[in-house]
Amino acid sequence: MIGRLIKVCSNGYTVRCEEKDYPCKAKGKLKISGDGLYVGDYVEIENGVIAKVLPRKNKLIRPRVSNIDAIVVVVAVEPKPDYYLVDKVVLSGIKNDIETVILVNKSDKDKNLFESVKSQYDGVAKVYSVSAKDKVGIEQVKEFLQNKTVVLAGQSAVGKTTLVNAIFSLDLRVGELSEKIQRGKHTTTYSQIFIKDNVSVIDSPGFAQIEAFVDLEELPNLYQEYLEYASECRFRGCTHTDEPDCQVKKAVEEGKLSKERYVRYVEIYNQIKCRRKDYE
Ligand SMILES: Nc1nc2c(ncn2[C@@H]2O[C@H](COP(=O)(O)OP(=O)(O)OP(=O)(O)O)[C@@H](O)[C@H]2O)c(=O)[nH]1
Ligand SMILES: [Mg+2]
Ligand SMILES: [Zn+2]
């Protein structure tokens, strides 16, 4: 039987075949050789044992998921958005040829964040405004989700599980925001796919850090909104950091490109450069 691995947790695997869920074990070999199993894998099961993984269309390392059509990054006014995290998710999406969209949640609390996010990610990602709590904007998101498998990414307590509840009319346990430290409590502890009506959403534990696994040389090319300007930079292979006559820098100064995202670009560029020094 062929099915899809929809859940991995400490007590085993769950595989869905034709609308039925099967608790499974994995062949020892699968656990130790290769790179193991990913939520989202299509697998062959024999008597409750996962015997084989079918070829993957793509995979992400963190969260550990495969066969993804889009990454949905959730941000909210609270906890305060970590835009480096959003940038790095976008980078890993571009690198793996997976579309990234951004959901600005908790619109019931704040309306300004949406415009700010939209201006920063103009030409990079679709941005939606939603309130998972009040179920506002959910239909539009559901339209985007049709016939896709997406993974939710974002800091703890931005409302990923609340969104799953809103999209699938479920009542999963959600966490709370610790007022004092403005951080979530990592309520979701393992990845799981929710499937209904041609929509598959993977809820994953909120992650505070992501490694984009990008090389210094390729970084400038992964900022797609820079490419049209980059071709006019004085130097070929301009990194848009300290070179003279850089058209990307000029476009930032003229307000044609987001200043905030550019400042983070330079910081990420320097982070990767330092990381490389560490290894040399
Ligand atoms: N005001 C408001 N609060 C929301 C909304 N969505 C979620 N919350 C609240 O935000 C808190 C965290 O929600 P969760 O859904 O658990 O967040 P999460 O992203 O799944 O967090 P982790 O599982 O820890 O990664 C809960 O108290 C929710 O009730 C929203 O649209 N508006
Ligand atoms: Mg959660
Ligand atoms: Zn340049």
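Ligands are counted one by one from 1 in listed order, and the atoms in each one are counted from 1 as well. Numbers here are sequence positions counted from 1. Everything numeric here is computed off the predicted structure, so don't read it as measured data.
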**Message:** Among Asn67, Asn96, Asp69, which residue satisfies the side-chain hydrogen bond (donor to acceptor under 3.5 Å, both in side chains) criterion with Lys57?
**Reply:** Asp69

**Message:** Using a 4.0 Å heavy-atom cut-off, which part of Asp108 comes near ligand 1: side chain, backbone, both, or neither?
**Reply:** side chain

**Asked** Any idea which part of Asn105 is under 4.0 Å from ligand 1, heavy-atom wise: side chain, backbone, both or neither?
**Response** side chain

Proximal candidate to [atom] [heavy atom criterion; set [options]]:
| atom | options | value |
| --- | --- | --- |
| atom 10 (O) of ligand 1 | Lys133, Arg173, Lys106 | Lys106 |
| atom 17 (O) of ligand 1 | Pro79, Ala166, Ser204, Gly159 | Gly159 |
| atom 24 (O) of ligand 1 | Ser107, Gly137, Ser156, Ala76 | Ser156 |

**Request:** Specify whether Tyr265 and Tyr226 have parallel, tilted or perpendicular ring planes, treating 30° as the upper limit for parallel and 60° as the lower limit for perpendicular.
**Result:** perpendicular

**Message:** Under a 3.5 Å threshold, yes or no: a donor from one side chain and an acceptor from the other, between Asp87 and Tyr121?
**Reply:** yes

**Under 2.8 Å: N/O/S of Thr162 next to the Mg ion (ligand 2)** = no

[X] neighbourhood, listing ligand 1 atoms whose heavy-atom distance to it stays under 4.0 Å:
| X | answer |
| --- | --- |
| Ala132 | 6 (N), 31 (O) |
| Lys160 | 15 (O), 17 (O), 18 (P), 19 (O), 20 (O), 21 (O), 25 (O) |
| Lys109 | 1 (N) |
| Ser131 | 31 (O) |

**Message:** Tell me every residue that passes side-chain hydrogen bond (donor to acceptor under 3.5 Å, both in side chains) with Ser131, counting only those two or more places apart in sequence or in another chain.
**Reply:** Asp108

**Residue-atom pairs from the protein, N, O or S only, that lie under 2.8 Å from the Zn ion (ligand 3)** = Cys233 SG, Cys238 SG, His240 ND1, Cys246 SG

**Prompt:** Can you list every side chain to side chain donor-acceptor pair (under 3.5 Å) pair that touches residues 232-242, not counting sequence neighbours?
**Reply:** Arg234-Asp245, Thr239-Thr241, Thr239-Glu243

So do the side chains of [X] and [Y] get within less than 4.5 Å of each other, counting heavy atoms only?
| X | Y | answer |
| --- | --- | --- |
| Arg275 | Gln271 | no |
| Cys246 | Tyr229 | no |
| Tyr42 | Pro55 | no |
| Glu225 | Asp122 | no |

**Request:** Show your working on side-chain hydrogen bond (donor to acceptor under 3.5 Å, both in side chains) between Thr14 and Asp21 and close with a plain yes or no.
**Result:** CA-CA 6 Å; Thr14 307; Asp21 290 350; over 6 Å; no

**Complete:** Taken in chain and number order and not counting sequence neighbours, the residues that satisfy side chain to side chain contact (heavy atoms under 4.5 Å, CB included) with Gln146 are Asn198, Val199

